[in-house]
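To start, the structure under review is shown below, and the notes come after it.
FYI, side chains are in, hydrogens and waters are out, and symmetry mates aren't considered; it's all heavy atoms of this structure.
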Amino acid sequence: MANKTLGISLDGVLRDIHSQFDIIYRKFFINNDSLVKADDNFSYLVSEQTDTNEERIKELITAKINLPVTTYDLMNHYHFDSKEDFDNFFQTYAFEVFGMASQFPRAFDSANRLQAFGKGTDLFDTVLLVKGKDKIAQSTYHFLGKSGCKIENVRHVDTDAEKWNYCDVLIDDSPESFENKPDGKISIKISKEYNAYSTAD
């Protein structure tokens, strides 16, 4: 009988993608000198106007950011003119967001131990599930290298629901994963504000 497979989702479980997204979004849309130090005609102001700049930053934060993140869709919390602009942001700044993100404390120590335990006992195989392709995938390999990831099987998926194609048990934070769990499989939820109403095993 084939071993069961434990799937570990990367984002929200091992990689702290939301904190890094917030940092990069603020860098380019809030604390951007060309936005902060510009007059109404968007002419760059050379003179220092600290008070004005602080007020402008507060205005931009109020207009563009809605925290805390209580839904899984970041477009509900960070302003983009369109879904296309949102997707382009992820591709344009893929390395800054996905490659330079931090891992949750001791996350890969735990994931690596789970894999070692599964192999050592011959009870289960382990697969790391990554949502995102192209530049996101490329940047993810940088992140995995710097984080000390030893998980040997890595799968890239287009949707959270697709993760179930590769595992019998899934550790995740995505409401979509929990909503699409097939019968006979097991979900393990990493609790977040945005998945408070998602049911898991």
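Atom-to-atom distance recorded for Y93:OH and Y25:OH is 11.5 Å, nearest 0.5 angstrom. One distance of note links CG of L129 with CG of L170; it measures 6.5 Å at 0.5 Å rounding. Atom-to-atom distance recorded for I186:CD1 and K4:NZ is 8.0 Å, nearest 0.5 angstrom. K150 contributes atom NZ, which lies 8.5 Å from atom CG of D109 (distance to the nearest 0.5 angstrom). N31 contributes atom CG, which lies 11.5 Å from atom CD1 of I23 (distance to the nearest 0.5 angstrom). Note that CG of L67 and CD1 of I61 are 9.0 Å apart. Values are rounded to the nearest 0.5 Å.
Between D85 and S82 there is a side-chain heavy-atom pair separated by less than 4.5 Å. Contact check for I171 versus L114: side-chain heavy atoms found under the 4.5 Å cut-off. For the pair I30/I65, a side-chain contact is recorded, criterion being any heavy-atom separation below 4.5 Å from C-beta on.
Donor-acceptor pairing under 3.5 Å is recorded for the side chains of S9 and K163. Judged purely by distance below 3.5 Å, without hydrogens or angles, the side chains of N3 and D122 pair a donor atom with an acceptor atom.
Formation of a donor-acceptor pair under 3.5 Å by the D168 side chain with backbone atoms of T5 is found in this model. A donor-acceptor pair is defined here as one N or O able to donate and one able to accept, closer than 3.5 Å; no such pair exists between the side chain of S147 and the backbone of C149. With hydrogens and angles disregarded, a donor-acceptor distance shorter than 3.5 Å links the side chain of N180 to the backbone of E176. Without hydrogens or angle criteria, N88 side chain to E84 main chain gives a donor-acceptor distance under 3.5 Å. Under a 3.5 Å cut-off, the side chain of N195 and the backbone N or O of D173 do form a donor-acceptor pair. Using a distance-only test at 3.5 Å, with no hydrogens or angles considered, a donor-acceptor pair links the side chain of D201 to the main chain of S187.
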Fill in: Trace of the side-chain contact (heavy atoms from CB on, under 4.5 Å) decision for E193 with T70
CA-CA 5 Å; E193 282 191 82; T70 55; 3.6 Å; yes
Worksheet item: What do the steps show when you test I151 against N112 for side-chain contact (heavy atoms from CB on, under 4.5 Å), and what is the final call?
Response: CA-CA 6 Å; I151 298 178; N112 293 337; 4.1 Å; yes
Discussion item. Would L14 and L128 count as a side-chain contact (heavy atoms from CB on, under 4.5 Å) here? Give the steps.
Written reply: CA-CA 10 Å; L14 304 176; L128 181 64; 3.6 Å; yes
Worksheet entry | Verdict with supporting geometry, Y197 and F178, ring-ring contact (aromatic ring centres under 6.0 Å, His included) | CA-CA 10 Å; Y197 299 104; F178 304 124; over 10 Å; no
Discussion item. Between I190 and D172, does the side-chain contact (heavy atoms from CB on, under 4.5 Å) criterion hold? Intermediate values first, please.
Written reply: CA-CA 6 Å; I190 303 298; D172 205 353; over 6 Å; no
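Shortest non-hydrogen contact noted between G7 and C167 is N-CB, 3.5 Å. For R106 against Q103, the heavy-atom pair with the smallest separation is C-OE1, 4.2 Å. Between Q115 and E152, the shortest heavy-atom contact is OE1-N, 2.9 Å.
Residues forming a side-chain contact (heavy atoms from CB on, under 4.5 Å) with F104 (at least two apart in sequence, or on another chain): D16, A107, K192. For the ring pair (Phe, Tyr, Trp, His ring centres under 6.0 Å) test, residues two or more places apart in sequence or in another chain that qualify with F86 are F80, F90. For H77, there are no ring pair (Phe, Tyr, Trp, His ring centres under 6.0 Å) partners two or more places apart in sequence or in a different chain. Under the side-chain contact (heavy atoms from CB on, under 4.5 Å) criterion, N76 pairs with T71, D73, not counting sequence neighbours. Remark: K146 engages no residue in a side chain to side chain donor-acceptor pair (under 3.5 Å) (not counting sequence neighbours). Annotation: side-chain contact (heavy atoms from CB on, under 4.5 Å) contacts of S110 (sequence neighbours excluded): R113. Qualifying side chain to side chain donor-acceptor pair (under 3.5 Å) partners for K135, counting only residues two or more places apart in sequence or in other chains: none. Residues that satisfy the ring pair (Phe, Tyr, Trp, His ring centres under 6.0 Å) test with F108, not counting sequence neighbours, are F143. Applying the side-chain contact (heavy atoms from CB on, under 4.5 Å) rule to P182 yields the partners W164, K185; only residues at least two apart in sequence or on another chain are considered. Applying the side chain to side chain donor-acceptor pair (under 3.5 Å) criterion to T140, with sequence neighbours excluded, gives R15.
Under a hydrophobic clustering in which Ile, Leu, Val, Met, Phe, Trp and Tyr are joined whenever their side-chain heavy atoms come within less than 4.5 Å, directly or via other members, Y166 and I136 fall into different clusters. In the hydrophobic clustering of this structure, L123 does not group with V127; members are Ile, Leu, Val, Met, Phe, Trp, Tyr whose side-chain heavy atoms approach within less than 4.5 Å, directly or through other members. Residues L144 and I8 are members of one and the same hydrophobic cluster, defined by side-chain heavy-atom contacts under 4.5 angstrom among Ile, Leu, Val, Met, Phe, Trp and Tyr. Residues F29 and I17 share a single hydrophobic cluster, defined by chaining ILVMFWY side chains whose heavy atoms lie under 4.5 Å apart.
The existence of a salt bridge linking D158 and K133 is confirmed by a sub-4.0 Å separation between a basic side-chain nitrogen and an acidic carboxylate oxygen. Ion pairing of E162 with K131 is absent here, as no side-chain N (NZ or NE/NH1/NH2) approaches a carboxylate O to less than 4.0 Å.
When hydrophobic side chains of Ile, Leu, Val, Met, Phe, Trp and Tyr are connected at separations under 4.5 Å, F95 ends up clustered with M100.
Applying the ring pair (Phe, Tyr, Trp, His ring centres under 6.0 Å) rule to pairs touching residues 53-72 yields Y72-Y194, sequence neighbours excluded.
Under the 6.0 Å cut-off for aromatic ring centres, Y141 and H156 qualify, their centroids lying closer than that. Aromatic ring centroids of F21 and Y78 lie under 6.0 Å apart.
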